[in-house]
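Every chain is numbered from 1 and lettered A, B, ... according to where its sequence line falls, protein lines coming before strand lines.
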Amino acid sequence: MTERQEIIKNQVNVEQFREDLLNWFTEEQRELPWRQDQDPYKVWVSEIMLQQTKVDTVIPYFNRFVSQFPTIEALSKAEEEKVLKAWEGLGYYSRARNLHAAVKEVHEKYGGKVPNTPKEIAGLKGVGPYTAGAILSIAYGVPEPAVDGNVMRVLSRILSIWEDIAKPKTRKTFEEAVRVLISHENPSYFNQALMELGALICTPTSPSCLLCPVREHCHAFDEGTVTELPVKTKSKKQKTVQLAAVVLTDENGRTLIHKRPNTGLLANLWEFPNMEIVQVLRSEKTQLEEKLLEDYQAKVEVGEMITRIEHVFSHLIWNINVYSGKLIDLKEEKEDLRRVNAEEIEPFPFPVSHQKMLKFLPEQVKKG
DNA sequence: CACCCGTGGCA
DNA sequence: TTGCCAAGGGT
């Protein structure tokens, strides 16, 4: 046991802390779709979706996802486009692509059974230290730490830890703490209880200390420093990028869409033709027409601006001026460049910013 | 380690 | 309105 772990052991009555925490969780835990059973696959899917994403947002996505892809087998055989479509609007799309790749690996390499050792689990794409611990403890009852933002907030207060939780190495401090505190009787409930407490009671602002089941163990409560913890340095402001996009219509009422590259921002999602506006000497209309000709060999006529869309990412802001336009001539469609009518566009996954352009699609051409 | 990677809700 | 926040991982 490390020196730091010795200190922690002397800070709290470990046995009593576990009992109080587990009793509270047993009584007060929310009924959530992924708590109906301990199917490792469903635990896995839920944990990936819950990364940086609120429970209320995840619930409908989770239900649709496991309904559409009920098993490792089903997901491993799905087309990526279908998986991304199911993820549409949830954000951080590399989660979906990594999950898909990792599930294929489990299907082929582990006979469709989610592995239950730290090394094998952590080797899967998209499964980092938190998710590995979460799957191991929740699905398999292995006493591994699962340290997320909730756990760091809760334990920083309980144990009065003043390390900056924005620093990557700080997570190790909390993993050490969890290894001291965790119930070997019920690691699943213990890890979930810490997170549930962070979500329901020990919240970032105005925590409900008077309702807290482990208030008697809380050093920050004793010291009156609950609102000062956790320590977290501020992130820097997002940069703003000016974009121009165009909803093009050909003589048959079809519109031009483009698949983004398979790496980077919004990878493999579809979008309306667009470009970053760097200089303002020439009109956006002219720049769009030249861009479409050069990049796609598409002759177009850009018309009026039809809307403006602001899209805030975690690290940047898009300001998009959206134009309507006519597609005069297109040399050829490619894998990543398609002409579709309103009826055909449904299967293509779009980021939220471009979903907002869908309502400017031309009316579907009447047949016959 | 620092930066990249979405989105929606809320004080 | 602005900034912060959420069951993080990849590079």
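- Pairs passing the ring pair (Phe, Tyr, Trp, His ring centres under 6.0 Å) check and including a residue from residues 217-243 of chain A, sequence neighbours excluded, read F17(A)-H217(A).
- Screening residues 311-330 of chain A for salt bridge (Lys or Arg N to Asp or Glu O under 4.0 Å) gives no qualifying pairs among residues at least two apart or on separate chains.
- Within 4.0 Å (heavy atoms only), R260(A) reaches no atom of the nucleic acid at all.
- Sequence neighbours left out, the pairs with a member in residues 291-318 of chain A that pass salt bridge (Lys or Arg N to Asp or Glu O under 4.0 Å) are K291(A)-D295(A).
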Original post:
Stepwise, does the side-chain contact (heavy atoms from CB on, under 4.5 Å) test hold for L266(A) with H354(A)?
Top reply: CA-CA 11 Å; L266(A) 303 167; H354(A) 283 251; 5.9 Å; no
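- Ring planes of W318(A) and F313(A): perpendicular class, angle over 60° (limits at 30 and 60°).
- Pairs of residues two or more places apart, or lying in two chains, never qualify as salt bridge (Lys or Arg N to Asp or Glu O under 4.0 Å) while including a residue from residues 198-212 of chain A.
- To the nearest angstrom, P of dC4(C) lies 15 Å from CD of Q52(A).
- More than 12 heavy-atom neighbours from other residues, nucleotides or ligands sit within 6.0 angstrom of CD on E332(A).
- Within 4.0 Å (heavy atoms only), T53(A) reaches at least one base atom of the nucleic acid.
- Using a 4.0 Å cut-off on heavy atoms, the residues of residues 229-244 of chain A that approach DNA chain C are K234(A), K237(A), listed by number.
- The residues K172(A) and E176(A) are annotated as not salt-bridged, no charged nitrogen and carboxylate oxygen being separated by less than 4.0 angstrom.
- Bounding nucleotides for the chain A contact on DNA chain B, 5' to 3', at a heavy-atom distance below 4.0 Å, are dC1(B) to dG8(B).
- Comment: E335(A) does not engage K259(A) in a salt bridge, judged by the lack of any side-chain N to carboxylate O separation of less than 4.0 angstrom.
- If you chain together ILVMFWY residues whose side-chain heavy atoms come under 4.5 Å of each other, I317(A) ends up grouped with V312(A).
- Within the 4.0 angstrom heavy-atom criterion, only backbone atoms of the sugar-phosphate kind lie near G89(A); the bases stay farther away.
- Scanning residues 306-316 of chain A for heavy-atom distances under 4.0 Å to DNA chain C yields an empty list.
- Electrostatic pairing of E289(A) and K285(A) counts as a salt bridge here, judged by a charged N lying under 4.0 Å from a carboxylate O.
- Each of G91(A) and T170(A) has a nearest nucleotide on DNA chain B; the 5'-most of these lies closest to T170(A).
- Legend: residues meeting ring pair (Phe, Tyr, Trp, His ring centres under 6.0 Å) with W270(A), ordered by chain and number and at least two apart, are F348(A).
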Would you list the protein and nucleotides 9-11 of chain C atom pairs, both N or O, that sit under 3.5 Å from each other?
from    : atom 1 : to      : atom 2 : distance (Å)
dG9(C)  : OP1    : G128(A) : N      : 3.0
dG9(C)  : OP1    : G128(A) : O      : 3.4
dG9(C)  : OP1    : T131(A) : N      : 2.9
dG9(C)  : OP1    : T131(A) : OG1    : 2.7
dG9(C)  : OP2    : Y130(A) : N      : 3.3
dG10(C) : OP1    : G126(A) : N      : 2.6

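- Within residues 173-184 of chain A, no residue is approached by DNA chain C to less than 4.0 Å at the level of any non-hydrogen atom.
- Here the separation of dT11(C) from dG6(B), taken at their P atoms, is 13 Å to the nearest Å.
- Here W318(A) lies out of heavy-atom contact (under 4.0 Å) with every strand.
- More than 12 heavy atoms of other residues, nucleotides or ligands lie within 6.0 Å of CD in Q68(A), so this atom counts as buried by the packing criterion.
- Taking both residues in full, the closest heavy atoms of P33(A) and I59(A) are given as CG-CG2, 4.0 Å, listed atom of the first, atom of the second, then distance.
- Residues R171(A) and E175(A) are paired through a salt bridge, judged by an N-O separation under 4.0 Å between the basic side chain and the carboxylate.
- For residues 174-214 of chain A, the pairs satisfying ring pair (Phe, Tyr, Trp, His ring centres under 6.0 Å) are F25(A)-Y189(A), with sequence neighbours left out.
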